[in-house]
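Quick notes on the structure that follows.
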Amino acid sequence: MDDALAGVERAIAQIEGCDPAEREALVAELRELRDLADKLRHERVEIAVFGEISTGKSALINALAGSEVASVNVRGGWTREVWRLGWTAPAAVVKGLEESELVLVDTPGLNEVDGAARADMARDAAERADVVLLVTDSDLNETEFSALEQIAAMHKPVLLVLNKQDLYTPEQLADLRESLTSPRVVKLIGGAENVVFASADPREVEYVIEKADGSTRSEWRKPKPDIEGVRGRILEMLVDEGKALVALNAAMYAADRSDRVAALRVRMRSNKADTVVWSYAAAKALAVSMNPWPAADVAGGVAVDVAMVMTLASVYGIEMTTDNARRLVMAILQAAGWMMLSEAVVSFSSSFFKGVTFGGSTLLTALPQGAAAGYGSYLVGQAARYYFEHGASWGDRGPKRVVQRILENTDKASIIERLKGEISKKLARNRHSGDSRE
């Protein structure tokens with residue numbers, strides 16, 4: 001149990017170590033993990049009651065608890081939220097769980113109209129639970145069997161409960177038992193012993209009462225719930241598994257949430273990095289295209305790339321000085337070598353033309369030179385992204401192979417055209433753009 005709690009606390013620390021935007025996106029995961037940590041500290045065993053509407057889930061909880069604690073409505077679909085009820089009666093008879101709290105978890109029905117969000121809540125509750133009761137009132141339909149497959153994939157004890165057995169004849173019950181213990185079902189629930197029948201809320205039965213004088217009268221009575229098979233099998237599961245079951249489920253749940261957190265962080269950082277790279281590439285393209293002085297193109301371009309690399313480092317939570325950022329930029333450019341020669345030729349030719357015309361050719365050279373400079377910055381940014389995504393390391397690839405692969409997978413023509421479009425739009429909006437024509 002202690003190891004499982006430590007794993008959950010590490011997952012919590014992982015989220016708390018995120019930047020503010022990432023933490024905001026992970027509020028739900030953080031709340032779930034904190035709840036799980038509290039569950040482990042108090043050694044709570046959760047038993048989720050799961051199934052379609054009108055199968056008698058809430059009635060089963062009431063019968064197990066021995067009191068009307070869960071809302072029951074004949075229309076079905078009455079349970080709107082996941083909620084938990086302490087079930088203290090059996091705890092004392094479960095070895096190893098004498099100090100633990102057993103909790104029954106009521107969940108919304110799977111097939112409610114416009115209830116997709118509530119169905120997701122039910123699945124989340126089942127994923128967190130230590131034991132799952134899948135309640136049905138007939139042979140499994142497609143929705144129920146699909147739900148059973150999903151629960152089985154969570155690798156935890158599942159009890160298949162046929163409720164409302166009082167509605168069937170003995171022959172019908174025999175047929176249902178044969179169907180519910182078929183090989184395709186048994187392989188999902190771990191054995192035929194995990195199929196149990198119950199009557200959580202039996203229908204009233206008419207009794208004919210004969211008086212001493214021979215006269216009769218009829219009286220409708222409601223039988224007591226028949227849920228001993230369910231109660232007994234739950235306790236058997238807990239005796240067999242005990243706290244190890246709780247610890248295993250918690251560890252698996254925390255690992256899954258950690259994977260989700262990591263995937264979300266990667267996605268958010270990737271999206272942010274995309275924005276950073278493109279914004280700097282476009283800014284560099286525009287700056288170079290509008291700069292009338294050739295020497296400033298090179299110096300300003302390197303400065304833009306260094307600023308971009310430092311911004312990317314912050315996106316990935318890596319500290320980097322200006323000197324280190326400059327060295328990384330130069331390493332990427334050096335690794336690119338001849339592969340970026342064409343961009344260098346365009347840039348040099350345009351800068352030379354600017355020089356001999358004393359900057360008067362800015363508009364003539366703006367699109368090709370600016371787009372070439374922006375494309376070079378785009379490549380630097382993509383290489384830097386790889387470096388930061390791999391923990392400030394090139395791994396076994398090296399910068400040259402990384403740059404080569406980026407070039408092979410980049411649609412140069414579309415990037416150049418997009419950059420030209422950005423330059424054209426900016427120049428069109430610049431009220432001074434026509435001055436150099438005079």
Side-chain angles (χ1 to χ4, degrees), residues 273-312 325-387 399-430 432-434 436-437:
D274 280 338
T275 301
V276 168
V277 170
W278 182 255
S279 63
Y280 274 93
K284 182 175 177 180
L286 183 64
V288 170
S289 67
M290 297 184 69
N291 194 336
W293 305 110
D297 288 350
V298 176
V302 172
V304 170
D305 289 346
V306 170
M308 173 178 63
V309 166
M310 293 185 69
T311 304
L312 286 172
R326 185 181 298 275
R327 279 194 286 270
L328 180 58
V329 169
M330 299 312 296
I332 293 170
L333 292 174
Q334 184 179 4
W338 290 96
M339 291 180 284
M340 293 179 66
L341 180 61
S342 59
E343 280 69 43
V345 169
V346 172
S347 179
F348 174 78
S349 300
S350 301
S351 293
F352 176 77
F353 195 30
K354 282 185 185 181
V356 299
T357 58
F358 301 100
S361 62
T362 301
L363 287 178
L364 297 176
T365 62
L367 290 180
Q369 185 182 19
Y375 179 66
S377 193
Y378 177 85
L379 294 178
V380 170
Q382 294 301 329
R385 278 184 63 181
Y386 178 94
Y387 179 79
K400 187 172 182 178
R401 289 180 62 191
V402 170
V403 172
Q404 183 177 4
R405 184 165 182 175
I406 290 171
L407 285 167
E408 291 171 352
N409 291 286
T410 299
D411 185 351
K412 176 182 175 181
S414 66
I415 298 295
I416 291 292
E417 286 305 310
R418 185 178 172 188
L419 287 166
K420 286 181 178 180
E422 291 287 339
I423 296 169
S424 297
K425 286 189 294 184
K426 294 289 186 180
L427 290 177
R429 289 198 297 265
N430 191 325
H432 299 297
S433 60
S436 60
R437 294 189 180 93

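- A pairwise comparison of heavy atoms in Val309 and Ala384 identifies CG2-CB, 4.1 Å as the closest pair.
- To the nearest 0.5 Å, atom CZ of residue Arg385 and atom CG of residue Asp274 are 4.0 Å apart.
- Residues Met310 and Ala325 approach most closely at CG-CB, 3.4 Å, considering heavy atoms.
- Counting only heavy atoms from C-beta outward, the side chains of Thr410 and Tyr375 approach each other to under 4.5 Å.
- Side chains of Met330 and Arg327 form no contact here, defined as non-hydrogen atoms less than 4.5 Å apart.
- The distance from the OG1 atom of Thr311 to the OH atom of Tyr280 is 3.0 Å, given to the nearest 0.5 Å.
- With a 4.5 Å cut-off on side-chain heavy atoms, Val329 and Arg326 do not count as touching.
- Annotation for Gly374 and Ala285: closest pair CA-CB, 4.0 Å, computed over non-hydrogen atoms.
- Shortest non-hydrogen contact noted between Ala371 and Lys420 is CB-CG, 3.8 Å.
- Contact of the Trp278 side chain with the Ile415 side chain is registered, since non-hydrogen atoms from C-beta on lie closer than 4.5 Å.
- Closest of all the heavy-atom pairs between Gly381 and Leu312 is O-CD1, 3.7 Å.
- Smallest separation of non-hydrogen atoms from Asp305 and Ser377: OD1-OG, 2.6 Å.
- Within the 4.5 Å cutoff, no side-chain heavy atoms of Val402 are placed close to those of Gln382.
- Remark: Glu417 CD to Asp411 CG distance equals 10.0 Å, nearest 0.5 Å.
- Within the 4.5 Å cutoff, no side-chain heavy atoms of Val403 are placed close to those of Leu379.
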